[in-house]
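Below, all heavy atoms of this structure are taken into account, side chains as well, without hydrogens, waters or symmetry copies. Nothing here was measured: the structure is a model prediction, and the numbers come from that model.
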Amino acid sequence: MNRRPTLLAALSLTAAAALTLSACGSDGSSETKDNDKIAGADTGDRASASATAGTGKASGRPTIKLPSDVTYKFEWKKTGDADRDAVLSDAEQRIKAVDLAIAHQDPLDEAYRFYSDGAAAADSQKYIQEFVDHKARTTGLTRYYNENVTIKDDGTAALVYCEDQSKAFNKFLKTGKTDVTPVTKDSYVVYAGTLRKNDKGVWVTERLISQRGSAKCQP
């Protein structure tokens with residue numbers, strides 16, 4: 001079983017997404033998503049979880065607390081533009097919220113649905129369910145880099161980024177065993193997403209596709 005199920009990674013790029021990737025590729029930048037790792041833990045995961053980024057309940061946002069062995073390296077740079085920086089921040093929270101749902105073994109977990117809508121929310125639910133079916137969760141370090149975010153005239157945002165899964169693995173709940181897999185070109189994934197600001201002021205991901213082994217994201 002792959003580190004993350006290839007539910008989203010297996011989706012073919014549509015013409016619109018291909019155009020987005022081409023546009024972002026022209027300046028050498030790209031992005032990654034959280035779409036292909038799985039690992040399992042014991043029932044103490046929630047209690048022993050360490051706090052990660054999140055603005056907390058004061059702003060109406062869900063608190064995101066992940067197991068201490070689930071870590072990230074976001075190399076996304078501040079743009080200096082308030083909307084673009086907010087897109088990057090909320091996309092980061094969605095990535096972590098999906099891993100939180102996997103750790104909770106809950107395909108309907110509140111946090112990821114706070115940051116997702118439409119097709120992206122439905123696909124995330126299926127993706128999380130795969131981990132639940134395999135009684136597994138994520139573990140290790142996932143790196144995100146080569147981001148490119150654009151605010152469009154219709155008010156949506158296009159986000160492309162790369163994900164390095166070379167140090168992230170599946171951990172199975174029943175045995176506690178981590179499935180350490182070798183690093184290949186498929187350890188690097190490119191993502192293209194569409195986000196829209198909702199009435200709460202949150203940039204929710206409405207659509208997300210990915211392509212594993214992309215030359216755009218290779219080290």
For [X] and [Y], which heavy atoms make the closest approach, and how far apart are they?
X: Lys152; Y: Ala158; answer: CE-CB, 3.7 Å
X: Val183; Y: Ser187; answer: CA-OG, 3.6 Å
X: Ile64; Y: Gln93; answer: CD1-OE1, 3.4 Å
X: Phe74; Y: Lys96; answer: CE1-CE, 3.6 Å

Give a yes or no on whether a salt bridge exists between Asp83 and Lys197, defined as a side-chain N under 4.0 angstrom from a carboxylate O.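 Counted as a salt bridge, because a side-chain N and a carboxylate O are separated by less than 4.0 Å.
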Any carboxylate oxygen within less than 4.0 angstrom of a Lys/Arg side-chain nitrogen, looking at Glu130 and Lys126?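 Looking at Glu130 and Lys126, the cut-off is not met.
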Is the backbone of [Y] close enough, under 3.5 Å, to the side chain of [X] for a donor and an acceptor to pair up by distance?
X: Tyr191; Y: Leu159; result: no
X: Glu147; Y: Lys77; result: yes
X: Ser89; Y: Asp85; result: no
X: Arg113; Y: Leu108; result: yes
X: Tyr145; Y: Cys217; result: yes
X: Gln105; Y: Ala136; result: yes
X: Asp90; Y: Val204; result: no

Taking atom [atom1] of [X] and atom [atom2] of [Y], what is their separation to the nearest 0.5 Å?
X: Arg196; Y: Glu206; atom1: CZ; atom2: CD; answer: 5.0 Å
X: Asp99; Y: His104; atom1: CG; atom2: NE2; answer: 11.5 Å
X: Phe172; Y: Lys177; atom1: CZ; atom2: NZ; answer: 8.5 Å
X: Arg143; Y: Asp164; atom1: CZ; atom2: CG; answer: 4.5 Å
X: Glu110; Y: Leu100; atom1: CD; atom2: CG; answer: 9.5 Å
X: Thr138; Y: Leu66; atom1: OG1; atom2: CG; answer: 7.0 Å

Please report the C-alpha distance between Leu88 and Thr79 in whole Å, then the side-chain angles of each, then the deciding distance to 0.1 Å, and finally whether the side chain to side chain contact (heavy atoms under 4.5 Å, CB included) criterion is met. CA-CA 9 Å; Leu88 291 171; Thr79 68; 4.1 Å; yes
Parallel under 30°, tilted from 30 to 60°, perpendicular over 60°: which one fits the rings of Tyr144 and Trp76?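 The rings of Tyr144 and Trp76 stand perpendicular, inter-plane angle above 60°.
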Steps toward side chain to side chain contact (heavy atoms under 4.5 Å, CB included) verdict (Phe169, Thr181): CA-CA 7 Å; Phe169 308 102; Thr181 52; 3.9 Å; yes
For side chain to side chain contact (heavy atoms under 4.5 Å, CB included), just list the numbers for Arg61 and Tyr115, CA-CA rounded to whole Å, side-chain angles, deciding distance to a tenth of an Å, and then say yes or no. CA-CA 9 Å; Arg61 296 170 180 263; Tyr115 291 103; 3.2 Å; yes
For the residue pair [X] and [Y], establish whether any side-chain heavy-atom pair is separated by less than 4.5 Å.
X: Ile151; Y: Val87; answer: yes
X: Asp106; Y: Ile128; answer: no
X: Asn198; Y: Phe114; answer: no

Side chain to side chain donor-acceptor pair (under 3.5 Å) between Thr156 and Asp154, worked out: CA-CA 6 Å; Thr156 64; Asp154 63 0; 2.7 Å; yes
Working for side chain to side chain contact (heavy atoms under 4.5 Å, CB included), residues Arg94 and Leu208: CA-CA 12 Å; Arg94 187 200 59 78; Leu208 187 67; 3.4 Å; yes
Would Asp186 and Thr184 count as having a side-chain donor-acceptor pair, cut-off 3.5 Å?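 Per modelled atom types, Asp186 and Thr184 side chains form no pair under 3.5 Å.
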